[in-house]
Amino acid sequence: MEMGKAPPRSSRVVWFYACVALILSIYTHKTSAAVTCRTDLATAANITIFPTDALQCMNSKFSPDNSGNVFVVWSLKDTATGFVSIVVSAPLAAKQWAALGFSGPGQMMGSTALVATLGAKGVNIDQYFLKDKVPSQVVRVNDRIKFTAGPESYYDNKYNIVYMAFQIDFKSSKAVPNFLLFAQGPASGADNGDLEYHTAQTYLPSEFAEGTVGESAASKLARKVKAHGAVQVFGWGVLLPIGAMVARYAKSFDPAWFYIHITFQTIGFIFIIAGLATGVDIAKTIDVPRLNGHKGLGFFLFTLAILQVLAVVARPHKEAKVRKYWNWYHWWVGRLALFLAVINIFVGISLNKGEPNAHNLKGSTPMLKFCGFTASFKHRNWVCEALESGNSSS
């Protein structure tokens, strides 16, 4: 090329596109984080223990990993209860731990941390108290934080990101949330409670926005479960047995006994219909083998109830020859229905007493879970256990 002569146009075009490609690659590398404050938690993390649309986001300023992912925190302090709802996303790979800590002075020493690790069954979340800076003084505890909901976790295998969600009553907790601490490190000893020293960490003041969290999908489902149980117990367990006893023991008060009997059975049948409707609605949300027996027996009982109503409509006259056969049918079908109803009531009640192997929730609505409903129960709800198992392994 001669001195002072401009390069060919084709060379200038190549250099221009090369520069553009370099700028775009640098830009996309810095902004390729899978989770940002614009991430929709409802679809990204399947958070179920409280609504997430009102939570406020803050970036942790944590050093990004190779994919550009950082710790991102969403939080809201409920103005009515003072409970703080928190969702944190963090990069987490195998043989690593990621932690969100709460500190009064903003130091690691004396802080309480929630540490997430990957185990054989999915994400494990444990409380740790940092008595001192040395690893031997970082001990696993369970009494530093008072949870009012959660903790709940969801792991995104595609981006190697863990979501942790929980609601905390800090007034009843030993943890002091003046500062939020973020840390990450190797987790080769996490299975026995030992954590190795962090490889990256940062902190920021915890300025929780205040507002109303609202009712979670879990609470709404819990109300449906309570309503279903209440109307079925009152219908099958109270009204219909009273009506049957009136027909059995009060015939000397003729014809009053008949109208009292009809009144109790009619109201009871209305309660049964209401209970069936709520049960069908609940069954659209969950699909657990343990539930099939309860559901099937419920439909069978409703069929018997309809047959009893039709029998009353087709009741023969007292002097008819078939009246005694009709009486036998009406008595024994009614007794069978009440007997099976008692069994089904106890089956329904037993569904709330910890069945950890239950699984197979309908994937279209995994957010509807009972964890918020059973957080204060002595026994964990089997649907809650199934959801946590499903989310951890997804």
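Side chains are part of it too, since the values below use all heavy atoms of this structure and drop only hydrogens, waters and symmetry mates.
- Residues A165 and F50 come closest through the heavy atom pair CB-CZ, 4.2 Å.
- A side-chain donor-acceptor contact under 3.5 Å links Y155 to the backbone of L92.
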(message) side chain to side chain contact (heavy atoms under 4.5 Å, CB included), that's the test. Do F258 and V246 meet it? Break it down for me.
(response) CA-CA 8 Å; F258 176 76; V246 168; over 6 Å; no
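- Residues F147 and I125 share a hydrophobic cluster, clusters being chains of Ile/Leu/Val/Met/Phe/Trp/Tyr side chains in contact below 4.5 Å.
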- Message: Between I86 and L100, is the side chain to side chain contact (heavy atoms under 4.5 Å, CB included) condition met? List the steps.
- Response: CA-CA 10 Å; I86 299 174; L100 171 66; 4.1 Å; yes
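- To the nearest 0.5 Å, the span separating CZ on F71 from CG on L181 amounts to 10.5 Å.
- Minimum heavy-atom separation, F264 to L240: O-CD2, 4.3 Å.
- A side-chain donor-acceptor contact under 3.5 Å links S85 and Q167.
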Review point. When you look at V333 and Q308, which way does the side chain to side chain contact (heavy atoms under 4.5 Å, CB included) test go after all the steps?
Key: CA-CA 7 Å; V333 170; Q308 287 291 77; 3.7 Å; yes
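- No hydrogens or angles considered: nothing links the side chains of T278 and D281 as a donor-acceptor pair under 3.5 Å.
- Closest non-hydrogen pair, F129 versus G110, comes out as CE1-O, 3.7 Å.
- Applying the 4.5 Å side-chain rule to ILVMFWY residues, one finds V342 in the same cluster as F346.
- Across all their heavy atoms, H330 and A311 have their closest contact at ND1-CB, 4.3 Å.
- In summary, the aromatic rings of Y325 and W328 are positioned with their centroids under 6.0 Å apart.
- Criterion: ILVMFWY side-chain heavy atoms under 4.5 Å apart, direct or through other members. Under it, L239 and I272 are not part of a common hydrophobic cluster.
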Margin query: Pair K131, V139 - check side chain to side chain contact (heavy atoms under 4.5 Å, CB included), show working.
Written below: CA-CA 8 Å; K131 294 182 178 180; V139 294; 3.9 Å; yes
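- Note: Y154 and Y163 have tilted aromatic rings, judged against thresholds of 30 and 60 degrees for the angle between ring planes.
- When the shell of 6.0 Å around CZ of R248 is examined, it contains 12 or fewer heavy atoms from other residues, nucleotides or ligands.
- Relative orientation of the F208 and F170 rings is parallel, given thresholds of 30° and 60° on the angle between their planes.
- Side-chain contact between F302 and I273 is present, with at least one heavy-atom pair separated by less than 4.5 Å.
- Minimum heavy-atom separation, M164 to L114: CE-O, 4.3 Å.
- The minimum heavy-atom distance between N344 and H294, with the atom names listed, is OD1-ND1, 3.0 Å.
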